[in-house]
Number of protein chains: 2
Amino acid sequence: MTEPSPARRGYHHGNLKDALLDAARDLVATQGPAGFTLAEASRRAGVSASAPYRHFKDRDALLAALAERGFALFAQDLEQAFDGGKPDAATAFGRVGDAYLAFARREPGLYGAMFAICRPDGAKVPEAGRSFQVLVDAARQAAGGIAVSDDRILAIWALAHGAATLAAAGHLTDAQAHAVLRGALAPQPPRDA
Amino acid sequence: MTEPSPARRGYHHGNLKDALLDAARDLVATQGPAGFTLAEASRRAGVSASAPYRHFKDRDALLAALAERGFALFAQDLEQAFDGGKPDAATAFGRVGDAYLAFARREPGLYGAMFAICRPDGAKVPEAGRSFQVLVDAARQAAGGIAVSDDRILAIWALAHGAATLAAAGHLTDAQAHAVLRGALAPQPPRDA
DNA sequence: ACCTGAACACCGTTCAAGT
DNA sequence: ACCTGAACACCGTTCAAGT
């Protein structure tokens, strides 16, 4: 997987944009977003270091495109975990929480890239909205008829994100991250500790 | 603040380690952890690019030292906000939450550097424990006599961390981050949505 | 013990030139 | 339209040499 892929059809690559994104995902997975290098991605795609500039404005643009791709995969994962709310919405919501943590654990570099974008000034990541929407829908269904405030759903997102990133940084074990999230996903927290 | 400081006492700098950390904090504040450069920090300290290696193993070691410093400042901030629990522990706990978000907002680069360390394999950041301990103590006092589980406190940390980082990435407004945290800091969440 | 200067491998980015 | 090759400024790191 490290040698420059000879999957070139002559002078033109034919599919360079995707090849670069694939390489980027690989690099980010093994080295983290900081370890990703435009030069190495080019090498893996079998093109020169300047070739990417035909497809991306610069390094950050490629990373942003990767983040968008990551969010699409993420939304897909969460949707699949919810599985239409079967067998009941509360159980399904629990699965969404597990899937959230599992994604961040399986693809820490990609997850990091996804949330490293969106600087104060910056480029929005519209796909992020879709992932969040899955959370919203799952939470509302899990609540049955009871109204769920936006702030409550944002709190769930913040909790999941916080648990995932603290776990990634080694401040929480996976078990703790899951326990933390389960505590919040219970529809009505029982009043014992 | 950009010109190489002439605060050199001859050939030896005398205080290079701190000067580098100061420069790093500045750079990280304006450009983010990724924008930090050993070369630029050296330039600001008025030394050659190889001088830092007398004080830090490499770039990452300097960043780790900066993170440790960040955690020390952070713990201090939180402790001061708690202020011994005056006038009552619940109010003081609320202030700790605000201070948490305020720190991450005021020093996003530093906060980022603090939690970017601690890789799977990696170097622990012992100062992180002290910051967490402030949260633990504040939460326990705020609960009065009632026992507070470790998971509940970890959940508060995860929520604060998640809200802070989502806000930094532009996914939450500051007002939303505060609302989210206030909801969780209430000692016994009332059962209305 | 602390710092400089030259050196090396490397990266991001640009641009004229090739297909 | 897409890619190469040479070029430039830059960075991290090492090491012999200076103070």
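Proteins come first, then strands; the chains are lettered A, B, ... in the order of their sequence lines, and each starts at number 1. In what follows, every heavy atom counts, from backbone to side chain, and hydrogens, waters and symmetry copies are set aside. The shown structure was predicted, so the numbers you read here are calculated from the model rather than taken from an experiment.
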For atom NZ of A:K17 and atom C1' of D:dC3, their distance in whole Å: 16 Å

Whole angstrom value for the distance that separates C1' of C:dG12 from CZ of A:R59: 9 Å

N/O (side chain, B:H55) to phosphate O (OP1/OP2, C:dA1) under 4.0 Å: no

Shortest side-chain distance from B:V47, nucleotide among C:dT4, C:dT13, D:dT14: C:dT4

Atom pairs, protein N/O to nucleotides 5-10 of chain D N/O, distance under 3.5 Å:
from	atom 1	to	atom 2	distance (Å)
D:dG5	O6	A:S50	OG	2.6

A:S50: side-chain hydrogen bond (donor to acceptor under 3.5 Å, both in side chains) partners, not counting sequence neighbours: A:S48

Interatomic distance, B:Q31 CD vs D:dC11 C1' [rounded to whole Å]: 14 Å

So which protein nitrogen or oxygen atoms get under 3.5 Å of nucleotides 17-19 of chain D's nitrogens or oxygens?
from	atom 1	to	atom 2	distance (Å)
D:dG18	N2	B:Y11	OH	3.0
D:dG18	N3	B:Y11	OH	3.3

Side-chain donor/acceptor pairs under 3.5 Å, residues 56-65 of chain B, sequence neighbours excluded:
from	atom 1	to	atom 2	distance (Å)
B:D58	OD1	B:D60	N	3.3
B:D58	OD1	B:A61	N	3.0
B:R59	NH1	B:F36	O	2.4

5'-to-3' dot-bracket of DNA chain D (Watson-Crick, G-U; under 3.5 angstrom; crossing pairs as [ ]; | other strand): ||.|||||...|||||.||

Contacts of A:S131 that satisfy side-chain hydrogen bond (donor to acceptor under 3.5 Å, both in side chains) - sequence neighbours left out: none

Residue met sooner reading DNA chain C from 5', once B:A51 and A:L38 are mapped to nucleotides: B:A51

Nucleotide C:dG12, atom P - distance to CZ of A:F36 in whole Å: 7 Å

Residues which pass ring-ring contact (aromatic ring centres under 6.0 Å, His included) with B:F103, listed by chain and number, not counting sequence neighbours: B:F74

Length of the CG-C1' vector between A:L27 and C:dG12, whole Å: 15 Å

side-chain contact (heavy atoms from CB on, under 4.5 Å) partners of B:R182, counting only residues at least two apart: B:H178, B:A179

Electrostatic pair B:E79-B:R130, nearest N-O below 4.0 angstrom: yes

B:Y111/B:F71 aromatic ring centres below 6.0 Å: no

Contacts of type side-chain contact (heavy atoms from CB on, under 4.5 Å), residue B:D150, not counting sequence neighbours: B:R140

Contacts of B:A177 that satisfy side-chain contact (heavy atoms from CB on, under 4.5 Å) - sequence neighbours left out: B:L101, B:A163, B:A167, B:L172

Nearest-Å distance for atom pair CZ/C1', residues A:F56 and C:dG12: 15 Å

Inter- and intrachain pairs under salt bridge (charged side-chain N to carboxylate O under 4.0 Å, His left out), touching residues 92-116 of chain A, at least two apart: A:R25-A:E107, A:D77-A:R106, A:R105-A:D174

Nearest-angstrom distance from the residue atom CG of B:L62 to C1' of D:dG12: 13 Å

Residues that B:A39 engages under side-chain contact (heavy atoms from CB on, under 4.5 Å), provided they are two or more places apart: B:T37, B:R43

Separation of C:dT13 P from A:L20 CG (nearest whole Å): 13 Å

